[in-house]
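Quick notes on the structure that follows.
Counting starts at 1 for both ligands and their atoms, in listed order. On a predicted model such as this, the values are computed, not experimentally measured, just so you know.
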Amino acid sequence: MTTDPRRQLPSIDALLAAPAVTQLLATHPRALVVKAARAAVDEARVNGGTAPAEGWDAAVRAAVVRLAVPSLAPVINATGVVLHTNLGRAPLAAAAIAAITRVAQGYSALEYDLGRGTRGSRHAICRDLLVELTGAADAMVVNNAAGALLLALSALARGGDAIVSRGELVEIGGSFRIPDIMARSGARVVEVGTTNRTHPHDYDRALTADSRVLLKVHRSNFQVTGFTADVAVVELAEMAHGRGIACVYDLGSGLLMNLSRWGLSGEPTVPEAVATGADLVVFSGDKLLGGPQAGILVGSEAALAACRADPIARTVRADKLTLAGLEATLALYRDHETARREIPVLRMLTEDPEGVKRRANALLQGVGASGELIEGDSEVGGGSFPGAKMKTWLVGLPDESLAERLRANDPPIIARIAGSRVLLDARTIFPEQVDTVVSALRE
Ligand SMILES: *Cc1c(COP(=O)(O)O)cnc(C)c1O
């Protein structure tokens with residue numbers, strides 16, 4: 001009869017009593033070391049009960065290091081996708097980071113009227129700046145744009161119909177779909193038109209006494225070409241107002257200044273969206289706007305009053321750190337040149353290819369003869385300017401397995417893979433990150 005080696009695994013107490021493990025207790029919380037010891041024993045059990053090759057002390061130490069790493073850590077984005085949703089979308093401007101830090105350090109007048117010494121409203125924060133920058137009559141900020149859309153439809157269409165074109169039933173990523181979000185608002189989704197063509201008479205035929213909102217969704221992450229037709233927001237707004245109902249425009253990206261000088265066109269700016277006459281325009285804070293995650297609603301006073309009074313407003317409210325970061329980001333837009341220089345998203349989108357090339361050449365220093373400089377394209381990402389390409393410079397490396405090793409670097413470096421090559425796009429690698437990437441490549 002053979003004894004199961006798993007019976008011979010050390011007890012947690014025995015592991016904790018080992019001098020090398022006791023030493024760990026001086027610098028790490030006991031709960032963490034105990035968890036690490038359990039993890040080491042569990043791993044040995046999975047391996048058929050054999051002791052770790054590196055020895056128990058080393059195995060526990062490695063588990064402590066592994067378990068102490070925060071689950072949300074910074075990475076270096078070498079993909080060239082400027083608004084990479086999986087990598088946290090917009091890196092923040094220095095002014096936004098400073099504002100967030102200031103507010104995080106202590107108390108703040110989040111819901112306090114300093115003039116009167118009474119309760120104030122967090123919805124007043126950013127309001128005046130948004131009005132000034134967009135030309136809308138009123139504004140408010142919530143947690144994200146999907147939440148803003150939910151709020152807009154709950155406030156304006158709950159119990160009635162929200163009419164939308166079949167060509168605009170967008171999936172916004174992470175398998176979340178606009179029609180599902182719409183349905184949760186309590187509005188009935190009425191689809192009109194076809195995937196490629198929707199006409200004014202399609203909306204007209206769907207209008208009944210139950211209609212509350214005509215919704216326009218900006219097709220932010222895909223393009224429709226060929227035999228297509230859709231109804232402009234100006235026309236939808238007019239049609240809605242003719243019937244005494246509202247027009248809501250889900251704009252998605254929140255572009256606050258025109259970037260066509262830099263080859264990026266086709267995405268409406270927020271002021272243009274407001275000028276269509278839509279009652280509410282909804283957009284993200286962390287896409288082209290370049291701020292923290294937020295959902296922004298701008299529009300008429302009546303529409304915003306309805307939004308503020310809706311219970312959903314409380315469930316999707318923005319936190320103070322977001323409001324501080326967003327306010328500081330918005331303030332930079334008072335001067336477009338300052339915004340372009342200070343807001344990382346705008347800086348990366350408008351950077352001259354020569355600057356990108358200089359950084360790519362610096363990266364090449366780290367790889368010796370195996371790397372090559374390649375001309376290519378970067379993407380905007382984040383469901384903005386779909387199909388737009390920006391000329392960029394890449395460092396190409398022949399070894400596909402390098403991508404995995406770069407991800408294991410501290411900090412992780414996320415590269416692009418194209419066929420059997422690994423590509424590093426210098427556009428999204430910040431100047432101060434170049435040395436870190438070079439030393440990772442050398443290793
Ligand atoms: C991105 C996007 C959303 C969702 O925005 P979040 O801020 O990520 O919630 C909604 N609608 C459109 C059209 C979008 O492009």
- So, is Leu251 polar-close to ligand 1, with some N/O to N/O distance under 3.5 Å? no
Would Ala146 count as a polar contact of ligand 1, with the cut-off being nitrogen or oxygen pairs under 3.5 Å?
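Between Ala146 and ligand 1, an N or O pair is found under 3.5 Å apart.
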Would you verify whether the NZ or CZ of Arg197 falls within 45 degrees of the ring axis of Phe227 while also being under 6.0 Å from that six-membered ring's centre?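 Yes, a cation-pi geometry holds between Arg197 and Phe227.
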So for Arg89 against ligand 1, with non-hydrogen atoms under 4.0 Å, the contacting part is side chain
**Asked** Taking heavy atoms and a distance under 4.0 Å, where does Gln293 meet ligand 1: side chain, backbone, both or neither?
**Response**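 Near ligand 1, Gln293 shows nothing, with every heavy atom at 4.0 Å or more.
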Residues [X] and [Y]: side-chain donor-acceptor under 3.5 angstrom:
{"X": "Thr198", "Y": "Ser165", "result": "yes"}
{"X": "Arg334", "Y": "Thr338", "result": "no"}
{"X": "Ser253", "Y": "Ser384", "result": "yes"}

Contact between ligand 1 and Arg219 is defined here as a heavy atom of the residue under 4.0 Å from a ligand atom; is it met? no
Kindly identify the option in Pro386, Ser253, Ser284 whose heavy atom sits closest to atom 5 (O) of ligand 1.
->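 Looking at heavy atoms only, Ser284 sits closest to atom 5 (O) of ligand 1.
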The option among Ile296, Asp250, Val316 carrying the non-hydrogen atom nearest to atom 11 (N) of ligand 1 is Asp250
Residue, atom and distance of the protein heavy atom nearest atom 14 (C) of ligand 1 read Lys287 NZ, 3.0 Å
For atom 15 (O) of ligand 1, what is the closest protein heavy atom, and at what distance to 0.1 Å?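 Going by distance alone, atom 15 (O) of ligand 1 is nearest to Ser220 OG, 2.5 Å.
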Review point. Which ligand 1 atoms, with their elements, are less than 4.0 angstrom from a heavy-atom of Asn144?
Key: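 Once the distances to Asn144 are compared, the set is 7 (O), 9 (O).
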Can you list the steps and then say if Lys216 with Glu168 is a salt bridge (Lys or Arg N to Asp or Glu O under 4.0 Å)?
CA-CA 7 Å; Lys216 180 78 176 179; Glu168 298 168 11; 2.9 Å; yes
| message | Applying the side chain to side chain donor-acceptor pair (under 3.5 Å) criterion to Glu351, which one of Arg340, Arg359, Arg427 satisfies it? | response |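 Running side chain to side chain donor-acceptor pair (under 3.5 Å) over Arg340, Arg359, Arg427 with Glu351 returns exactly one hit, Arg359.
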Ion pair present between Arg188 and Asp210, side-chain N to carboxylate O less than 4.0 angstrom? no
